[in-house]
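Below, chains carry the letters A, B, ... as their sequence lines are ordered, and counting in each starts from 1. These numbers were taken from a predicted model, which means no experiment stands behind them.
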Amino acid sequence: AQSVAQPEDQVNVAEGNPLTVKCTYSVSGNPYLFWYVQYPNRGLQFLLKYITGDNLVKGSYGFEAEFNKSQTSFHLKKPSALVSDSALYFCAVRVNNAGNMLTFGGGTRLMVKP
Amino acid sequence: GAGVSQSPSNKVTEKGKDVELRCDPISGHTALYWYRQSLGQGLEFLIYFQGNSAPDKSGLPSDRFSAERTGGSVSTLTIQRTQQEDSAVYLCASSLAGRNTEAFFGQGTRLTVV
């Protein structure tokens with residue numbers, strides 16, 4: 001079975017500081033990893049994905065994520081946080097030998113304070 | 001339309017009534033997912049359709065829940081004899097068939113059972 005863990009329910013960061021939202025996964029097979037963001041009262045929006053190749057993936061709104069196979073992690077990062085980045089962030093995984101099931105983590109609320 | 005469309009956006013129903021929630025996926029997307037999200041929390045997988053294959057119903061919480069996908073396009077999620085614990089936001093997503101493709105989400109249907 002595949003699973004995703006987001007160990008922090010909430011991350012607080014000051015505007016202008018770097019941010020990290022953590023994600024670890026457990027799969028049997030090669031993972032395809034995704035990050036989504038959800039603003040209040042909105043659906044989920046795709047941010048970025050790791051499929052293969054370069055471990056550092058760049059996505060929308062200045063976000064990036066680093067795939068680390070040995071640590072089974074895919075942490076989301078941004079060099080300088082904005083107040084408008086405050087939202088709920090979800091990590092998700094598919095496995096290349098387990099159908100098309102998309103499994104989500106529990107979500108992490110990011111609060112960026114001015 | 002350009003995105004995933006869900007209707008209604010809000011639904012208030014009395015306990016014990018049946019409800020139908022509709023999802024129009026992006027044209028050409030063969031994969032369709034239903035998730036449930038309670039109070040801005042994590043996503044609970046409900047059901048997954050892929051082309052003409054038998055749907056993965058492993059996430060349906062009880063036999064009161066069912067879903068159909070007609071003609072490989074529009075999907076309807078039906079909840080019979082609604083209970084208060086069914087109150088949540090029901091999210092639909094669609095994607096292309098490949099495992100490395102991202103899913104696109106609708107805005108959700110907020111269901112309130114009174």
- Task: Report yes or no: do B:Leu32 and B:Tyr48 belong to one cluster of Ile/Leu/Val/Met/Phe/Trp/Tyr joined by side chain heavy-atom distances under 4.5 Å?
- Result: no
Would you check if the side chain of B:Gln6 reaches a backbone N or O of B:Tyr90 as a donor-acceptor pair within less than 3.5 Å? yes
**Report entry** ILVMFWY cluster, B:Leu91 and B:Tyr33 together (side-chain gap under 4.5 Å)
**Finding:** yes
Does a side-chain heavy-atom distance below 4.5 Å link A:Gln45 with A:Tyr39? yes
*asked:* For A:Thr103 and B:Phe45: C-alpha separation, side-chain torsions, deciding distance, then whether side-chain contact (heavy atoms from CB on, under 4.5 Å) applies.
replied: CA-CA 8 Å; A:Thr103 301; B:Phe45 165 74; over 6 Å; no
With chain A, the option among B:Gln107, B:Arg110, B:Glu102 that has the most non-hydrogen atom pairs under 4.5 Å is B:Glu102
From the list B:Arg64, B:Lys17, B:Lys15, B:Lys11, salt bridge (Lys or Arg N to Asp or Glu O under 4.0 Å) with B:Asp86 holds only for B:Arg64
Within residues 47-82 of chain A, contacts to chain B at heavy-atom distances under 4.5 Å involve A:Lys49, A:Ile51
